[in-house]
There are 2 protein chains.
Amino acid sequence: MENIITKYKEKGLRLTPQRIAILKYLDGNTGHPTADNIYRDIKRRYPTLSFATVYNTLQTLKEHGGIMEITIDSMRKHYDPNTTPHHHIICVDCNEIWDVFEDYSKVLRLPPHLTREVRIAGAHVDFYGLCRKCQKRKGVKM
Amino acid sequence: MENIITKYKEKGLRLTPQRIAILKYLDGNTGHPTADNIYRDIKRRYPTLSFATVYNTLQTLKEHGGIMEITIDSMRKHYDPNTTPHHHIICVDCNEIWDVFEDYSKVLRLPPHLTREVRIAGAHVDFYGLCRKCQKRKGVKM
DNA sequence: TCTAAATTTAGAATAATTATAATGTATGGA
DNA sequence: TCCATACATTATAATTATTCTAAATTTAGA
């Protein structure tokens, strides 16, 4: 968090109250919020906050390595302030997302013809399944 | 392809010219088309085709295991008629998608606390990087 | 051929996100 | 401390992908 603010200043980005509020909201947030989640929460304290600011800030944060954009949910983007490489699990029913801090980098090998085609920068694994709550709610035998 | 049509009939689904055209478009298609790709192509022969029909058909196909929905591209959904489990590479610049037919199921292990939280149904690996064309276009040293 | 139920269609509606242009403000230097 | 200005924020409109609706059409089986 502190280092994100420091980074912000270093890059000549301005620290506005809205940005600070968004940074604080994201700091240590493991809930994988959407732009809408962030907007709604901060709007309470900054009633003039607009979506454009939320999206702008997320964009800048993304560009400066402050957050990860998660595409596991096809409905909307989620954001993760934890930028150490990790993976995710999504519940196909309620769309809740969990973090997976396992290092698969050694085992995710690609055949040569593909590494020739694309210079691979990284990989992330999307696990999907039904969470406990949804199993219960749907009456799945456990 | 043939078996999809057979499946369709078995499930009491009707074979309309539009559906057949969409099935044929998808059959063996390794280009990971979007709904828009499909719509534009088939519209030429069926000028009254509507997006609703494309989305409806994709939905039914998905439900009956005829296609996979790919979420690797945060901009739009892509569809893959190859439903054998496999993975993808996306070029972060041009968004072209390649198939990865490697079996990682044995190596993608999860810690126990997560398998208790979610009953895992599967996993999908998204590789990302810069493809050869885009490296060249952007003047990346190779 | 007839009919019921499924499907298609045009068009409107929704939701997420981005663009625009005017207004406001953080920040470094006088 | 004050100012200028470049950067940010805002309201609003626009865009894009997708879904919904209700009416018209078509399929497939009797």
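Letters A, B, ... mirror the listed sequences (proteins, then strands); counts begin at 1. Just so you know, these numbers use all the heavy atoms, side chains as well, and skip hydrogens, waters and symmetry mates.
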Between dT8(C), dT9(D), dA19(C), which nucleotide gets closest to the side-chain atoms of Arg19(B)? dT8(C)
Protein-nucleotide distance (Arg40(B), atom CZ; dT16(D), atom P), rounded to Å: 10 Å
Ile38(A) CD1 to dT9(D) C1', straight-line distance once rounded to whole Å: 17 Å
Would you say dT17(C) has OP1 or OP2 under 4.0 Å from some side-chain N or O of Tyr55(A)? yes
In whole Å, I'd like the distance from the OH atom of Tyr46(A) to the P atom of dT25(C). 13 Å
Using heavy atoms to find the nearest nucleotide of DNA chain D for Pro17(B) and Thr34(B) separately, return the residue whose nucleotide is more 5′. Thr34(B)
Closest of dA28(D), dT8(C), dA16(C) to the Leu15(B) side chain is dA28(D)
Counting side-chain heavy atoms from C-beta on, which of dA16(C), dT8(C), dA10(C) comes nearest to Asn56(B)? dT8(C)
From C-beta outward on Gln18(B), which listed nucleotide comes closest to its side chain: dT8(C), dT19(D), dT7(C)? dT8(C)
Distance in angstrom units between Leu13(A) CG and dG28(C) P, rounded: 12 Å
Taking Met68(A) as the starting point, is it possible to reach Ile72(A) by hopping between hydrophobic residues whose side chains are less than 4.5 Å apart? no
What is the distance, rounded to the nearest whole Å, between atom CG of Leu23(A) and atom P of dA8(D)? 13 Å
From dT17(C), dT27(C), dT10(D), pick the nucleotide closest to the side chain of Phe51(A)? dT17(C)
Counting C-beta onward and ignoring hydrogens, is there a side-chain heavy-atom pair between Glu117(B) and Ile89(A) closer than 4.5 Å? no
Check the phosphate of dA8(D) against Thr53(A), side-chain N and O only, distance under 4.0 Å to OP1 or OP2. Yes or no? no
Report the distance from atom CD of Gln59(B) to atom P of dA17(D), rounded to the nearest whole Å. 19 Å
State, yes or no, whether a side-chain contact exists between Val107(B) and Tyr104(A) at a heavy-atom distance under 4.5 Å. no
Hey, would you say the His88(B) and His78(B) ring centroids sit under 6.0 Å apart? no
Side chains of Asp80(A) and His86(A): any donor to acceptor distance under 3.5 Å? yes
Side chain of Arg76(B), heavy atoms from C-beta onward: which of dT7(C), dA17(D), dT17(C) has the nearest atom to it? dA17(D)
Taking for each residue the nucleotide of DNA chain C with the nearest heavy atom, is it Thr16(A) or Tyr79(A) whose nucleotide lies nearer the 5' end? Tyr79(A)
Tell me whether the OP1 or OP2 atom of dA10(C) has a side-chain N or O from Ser50(B) closer than 4.0 Å. no
Which nucleotide sits closest to the side chain of Arg14(A): dA6(D), dT19(D), dA10(C)? dA6(D)
Check the hydrophobic clustering (I, L, V, M, F, W, Y; side-chain heavy atoms under 4.5 Å; chains of links allowed) and say if Tyr79(A) and Ile20(A) are grouped together. yes
Heavy atoms from C-beta onward define the side chain here; which of dT9(D), dT19(D), dT18(C) lies closest to that of Lys77(A)? dT18(C)
Please give, in whole Å, the distance from dT14(C) P to Asp36(A) CG? 16 Å
In whole angstrom, what separates Asn95(A)'s CG from dA16(C)'s C1'? 15 Å
